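The block underneath contains the structure these notes are about, expressed in structure tokens.
Here the structure is a predicted model, which is why all the values come from computation and not from measurement. Quick note: numbers below take in every heavy atom, side chains included, and nothing from hydrogens, waters or symmetry partners. Proteins come first, then strands; the chains are lettered A, B, ... in the order of their sequence lines, and each starts at number 1.
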Amino acid sequence: DTGVSQNPRHKITKRGQNVTFRCDPISEHNRLYWYRQTLGQGPEFLTYFQNEAQLEKSRLLSDRFSAERPKGSFSTLEIQRTEQGDSAMYLCASSPPLSGGIYEQYFGPGTRLTVT
Amino acid sequence: AQKVTQAQTEISVVEKEDVTLDCVYETRDTTYYLFWYKQPPSGELVFLIRRNSFDEQNEISGRYSWNFQKSTSSFNFTITASQVVDSAVYFCALSEATGTYKYIFGTGTRLKVLA
């Protein structure tokens, strides 16, 4: 099985620029999550998709953040007008349908964003 | 509100020692799931174990074992005969059993296994 993939792995951008990250979940995983992890902390939930529907957004997801999952396959996370506080590792995870009785999430390698 | 506390920031052990990582959680839900993940230096979170709130049976899987006690809201994880390759940050996570099943993570425990 191919795992969750994320691109790019690293992104360095200047403050004020827009960035977009991509996540390709494990095939047939209809549930997809985005998390953000800052240095020395555990990941924090950002948003959740079930198929193509975005069902929950954290308060951490400000208006500058937008996520999509067209056709219920890959997902993108866009940050507009980046700020230095956006510097973090952005993690994507996927999970199969709940009917399968599997509740754990499988994580990608993450995209490390540095805003200068 | 749900919360996960990992009070141990960093632990150092010598290879072949046993080590226990502590996790204490808070939730008002009666049904929930608990997980342990490993994050090696490469950064990718690797799933280790899952426990359902209604199953307090403790198990052993190879060098890993866990102790789940609802009475003290603890879900501790033990590595027996530690190896250098076990060096990583270990995260405990809690998820609701309804809705999105999103995770609430602890702050992690960095384990260093010295040769």
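- Counting heavy-atom pairs closer than 4.5 Å to chain A, the top-ranked of the candidates Gln39(B), Lys102(B), Gln6(B) is Lys102(B).
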**Item:** Trp66(B)/Thr78(B) under side-chain hydrogen bond (donor to acceptor under 3.5 Å, both in side chains): CA gap, chis, key distance, verdict
**Value:** CA-CA 6 Å; Trp66(B) 48 97; Thr78(B) 297; over 6 Å; no
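- For Tyr33(B), the part lying near chain A is the side chain, with the backbone staying farther off; criterion is any non-hydrogen pair under 4.5 Å.
- With a 4.5 Å cut-off on side-chain heavy atoms, Leu21(B) and Gln8(B) count as touching.
- With chain B as partner, the option from Gln37(A), Gln6(A), Met89(A) having the largest number of non-hydrogen pairs under 4.5 angstrom is Gln37(A).
- Side-chain contact, Gln2(B) with Asp29(B): a donor N or O sits under 3.5 Å from an acceptor N or O.
- A side-chain donor-acceptor contact under 3.5 Å links Ser53(B) to the backbone of Thr30(B).
- The shortest distance between side-chain heavy atoms of Cys23(A) and Phe74(A) does not fall below 4.5 Å.
- Around atom CD of Glu10(B), more than 12 heavy atoms belonging to other residues, nucleotides or ligands sit under 6.0 Å away.
- With hydrogens and angles disregarded, a donor-acceptor distance shorter than 3.5 Å links the side chain of Ser95(A) to the backbone of Glu104(A).
- Scanning residues 81-100 of chain B against chain A with a 4.5 Å non-hydrogen threshold yields Phe91(B), Thr100(B), sorted by number.
- Trp36(B) and Tyr101(B) are members of different hydrophobic clusters when ILVMFWY side chains are connected at heavy-atom separations under 4.5 Å.
- Classification of the Phe68(B)-Tyr25(B) ring pair by plane angle, with boundaries at 30° and 60°, yields tilted.
- With Arg15(A) contributing its side chain and Thr116(A) its backbone, the two residues share no donor-acceptor pair below 3.5 Å.
- Within the 4.5 angstrom heavy-atom criterion, no atom of Thr9(B) approaches chain A.
- Identified by a heavy-atom distance below 4.5 Å to chain B, the contributing residues of residues 39-71 of chain A are Gly40(A), Gln41(A), Gly42(A), Pro43(A), Phe45(A), Tyr48(A), Glu56(A), in residue-number order.
- No side-chain heavy atom of Ile49(B) sits less than 4.5 Å from a side-chain heavy atom of Phe35(B).
- Residues Leu77(A) and Tyr90(A) are in side-chain contact: their nearest non-hydrogen atoms beyond the backbone lie under 4.5 Å apart.
- Thr82(A) contributes no side-chain N or O that, together with a main-chain N or O of Asn18(A), makes up a donor-acceptor pair within less than 3.5 Å.
- Along residues 105-115 of chain B, the residues that come nearer than 4.5 angstrom to chain A, judged on non-hydrogen atoms, are Phe105(B), Gly106(B), Thr107(B) in order of number.
- Take Phe107(A) and apply the ring pair (Phe, Tyr, Trp, His ring centres under 6.0 Å) test, not counting sequence neighbours, and it matches Tyr35(A), Tyr37(B).
- For chain B, no part of Arg112(A) is nearby; none of its heavy atoms comes within less than 4.5 Å.
- Surrounding NZ of Lys3(B) are at most 12 heavy atoms belonging to other residues, nucleotides or ligands under 6.0 Å away.
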